[in-house]
Amino acid sequence: MDHQLILRNVTRTYDAENGSREALEDINLEVKPSEFLCIVGPSGCGKTTLLRMIAGLDYPTSGEIILDGTPVEGPSPDRGMVFQEFSLFPWRTVLKNVEFGLKIQGKRDIKRTAERYIELVGLTGFEHSFPFQLSGGMKQRVAIARALATEPAILLMDEPFGSVDAQTRNLLQEELLEIWKRTKKTILFVTHSVDEAVYLADRVVVMSSRPGRILEVLAVDIERPRKRTSGEVNALREQLLMLLGSHQ
Ligand SMILES: Nc1ncnc2c1ncn2[C@@H]1O[C@H](COP(=O)(O)OP(=O)(O)OP(=O)(O)O)[C@@H](O)[C@H]1O
Ligand SMILES: [Mg+2]
């Protein structure tokens, strides 16, 4: 399977107090298999809405989302999502949180699989901890392990590192790149950070707000591992900031 994801003329309108609000307008995008795609744009431009529609948790008002030639009609194990807010079950241990999706799928050997992904994100030893006993970065790792455990072809990540300190964030970015290299997943990664997008992405989708539209898709043709402050990285950051028309 190639896991080709195509968005064609996708528009999403919500009912508002006085009429309707257009959250996304005419989104066209072809995501390449195994691509690392970052999405940046101002708050409220529809990034979460876009990921939720690809996950099958929301639906376009018009247009279509096509995965491997078939329209997306609901959630499926081939798409895993890491949500903007921590969405761990507070009353379940790390192990039980990671096992959750596997259980729903009726998989065998769920404990062994969950343990493998807990190891992958560097949390061996914390299987029996509860979320409240973990740091923000560790919780994020659990959310990533849980999303990876069901082996989705496409990983949808909504500002997954937004609430951790800069050092942890850099570390998590490197870990994610390692996981991506090893698993060859397609990753759609929403971020507010231009730096993060330039460090991670093969391509960066820049969105405008009200209604959310794609302004531009920039290719990041910089070899990995990237230096966070090299000339070419800085040049691209400048370009992105100009497009966003803001000072981050
Ligand atoms: N269920 C909903 N009902 C009504 N309006 C909604 C709904 N979900 C999103 N919206 C609207 O759609 C627009 C886009 O919201 P969305 O959460 O996708 O933005 P975002 O780009 O993820 O913002 P942020 O960067 O702050 O997370 C907003 O104007 C929001 O009010
Ligand atoms: Mg959002």
Side-chain angles (χ1 to χ4, degrees), residues 5-29 31 36-65 67 72-75 79-88 136-137 139-140 142-144 146-147 152 154-166 169 172-173 176 186-201 203-218 237 240-248:
L5 176 68
I6 300 171
L7 284 77
R8 220 172 263 151
N9 309 116
V10 170
T11 294
R12 181 64 169 106
T13 309
Y14 289 109
D15 294 329
E17 303 84 59
N18 38 8
S20 62
R21 178 188 295 132
E22 194 156 52
L24 287 166
E25 186 185 72
D26 200 25
I27 302 292
N28 285 286
L29 188 65
V31 187
F36 202 131
L37 192 79
C38 281
I39 302 168
V40 298
S43 183
C45 76
K47 304 180 294 297
T48 297
T49 304
L50 194 66
L51 287 199
R52 283 176 48 84
M53 288 195 301
I54 296 168
L57 301 169
D58 199 342
Y59 53 90
T61 313
S62 64
E64 49 185 2
I65 299 173
L67 181 58
V72 166
E73 274 171 355
R79 282 153 284 140
M81 184 137 172
V82 178
F83 294 90
Q84 191 164 4
E85 300 88 28
F86 295 135
S87 52
L88 303 178
K139 280 189 255 196
Q140 282 300 20
V142 179
I144 292 166
R146 188 176 58 182
I154 299 181
L155 197 55
L156 305 165
M157 308 184 81
D158 195 358
E159 294 188 47
F161 308 150
S163 49
V164 297
D165 65 89
R169 188 170 186 150
L172 288 171
Q173 287 167 357
L176 181 63
T186 305
I187 300 185
L188 270 70
F189 187 108
V190 168
T191 178
H192 270 118
S193 162
V194 163
D195 294 22
E196 185 164 68
V198 175
Y199 188 69
L200 293 174
R203 288 190 301 160
V204 183
V205 175
V206 184
M207 294 181 63
S208 71
S209 66
R210 300 229 170 92
R213 283 177 292 110
I214 293 183
L215 278 179
E216 197 147 338
V217 182
L218 289 181
R237 281 181 51 214
L240 280 168
L241 288 171
M242 293 258 283
L243 277 169
L244 288 167
S246 66
H247 311 274
Q248 285 203 347

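Atoms within a ligand are numbered from 1 in the order they appear, just like the ligands themselves. Everything quoted here is computed from the prediction, not taken from an experiment. Numbering starts at 1 and runs along the sequence shown.
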Report the part of His192 (side chain from C-beta onward, or backbone N, CA, C, O) that has a heavy atom under 4.0 Å from ligand 1; answer both or neither where that applies. side chain
Closest to atom 28 (C) of ligand 1 by heavy-atom distance, out of Ala16, Gly44, Gly212, is Gly44
Using distance alone, decide if ligand 1 has a nitrogen or oxygen within less than 3.5 Å of any nitrogen or oxygen in Lys47. yes
Please round to the nearest 0.5 Å and tell me the distance separating atom CD1 of Ile144 and atom CE of Met157. 4.0 Å
Separation of Ser87 OG from Met81 CE (nearest 0.5 Å): 8.5 Å
Tell me whether Asn9 contacts the main-chain N or O of Asp26 through its side chain, where contact means a donor paired with an acceptor under 3.5 Å. no
Within 4.0 Å of some non-hydrogen atom of Gly46, the atoms of ligand 1 are 14 (C), 16 (P), 18 (O), 19 (O), 20 (P), 21 (O)
Which atoms of ligand 1 are found less than 4.0 Å from any heavy atom of Gln84? 27 (O)
Derivation of the side chain to side chain contact (heavy atoms under 4.5 Å, CB included) call for Val31 and Ile54: CA-CA 12 Å; Val31 187; Ile54 296 168; over 6 Å; no
Total protein N/O/S atoms sitting under 2.8 Å from the Mg ion (ligand 2), waters ignored, is 2
Side-chain donor/acceptor pairs under 3.5 Å, residues 205-216, sequence neighbours excluded:
none

If you apply the rule side chain to side chain contact (heavy atoms under 4.5 Å, CB included), what do you find for Thr61 with Glu22, and how did you get there? CA-CA 10 Å; Thr61 313; Glu22 194 156 52; over 6 Å; no
Could you tell me which atoms of ligand 1, counted from 1 in the order shown, lie closer than 4.0 angstrom to a heavy atom of Arg21? 5 (N), 29 (O), 31 (O)
May I ask you to list the atoms of ligand 1 that are less than 4.0 angstrom from any heavy atom of Ala23? 12 (O), 13 (C)
Sub-4.0 Å heavy-atom contact, Glu159 with ligand 1: yes
Looking only at protein heavy atoms, what sits closest to atom 22 (O) of ligand 1 is Thr48 OG1, 2.8 Å
Once you round to the nearest 0.5 Å, how far does OG1 of Thr191 lie from CZ of Phe161? 9.5 Å
Looking at Thr49, which atoms of ligand 1 are within less than 4.0 Å of one of its heavy atoms? 9 (C), 14 (C), 15 (O), 16 (P), 18 (O)
Gln173: what forms a side chain to side chain donor-acceptor pair (under 3.5 Å) with it, not counting sequence neighbours? Glu196, Arg228
Got the closest protein heavy atom to atom 3 (N) of ligand 1, with its distance? Tyr14 CD2, 3.5 Å
Test log, rule side chain to side chain contact (heavy atoms under 4.5 Å, CB included), inputs Leu29 and Leu37: CA-CA 11 Å; Leu29 188 65; Leu37 192 79; 3.8 Å; yes
Measure the CG-OG1 distance between Leu67 and Thr186 for me, rounded to the nearest 0.5 Å. 9.0 Å
Could you tell me the residue and atom name of the protein heavy atom closest to atom 26 (O) of ligand 1, and the distance to it rounded to 0.1 Å? Ser43 OG, 2.5 Å
Sequence neighbours excluded, every pair satisfying side chain to side chain donor-acceptor pair (under 3.5 Å) that has a member inside residues 37-59: Arg12-Asp58, Tyr14-Asp58, Thr48-Gln84, Thr48-Asp158
Please round to the nearest 0.5 Å and tell me the distance separating atom CG of Leu5 and atom CD1 of Ile154. 4.5 Å
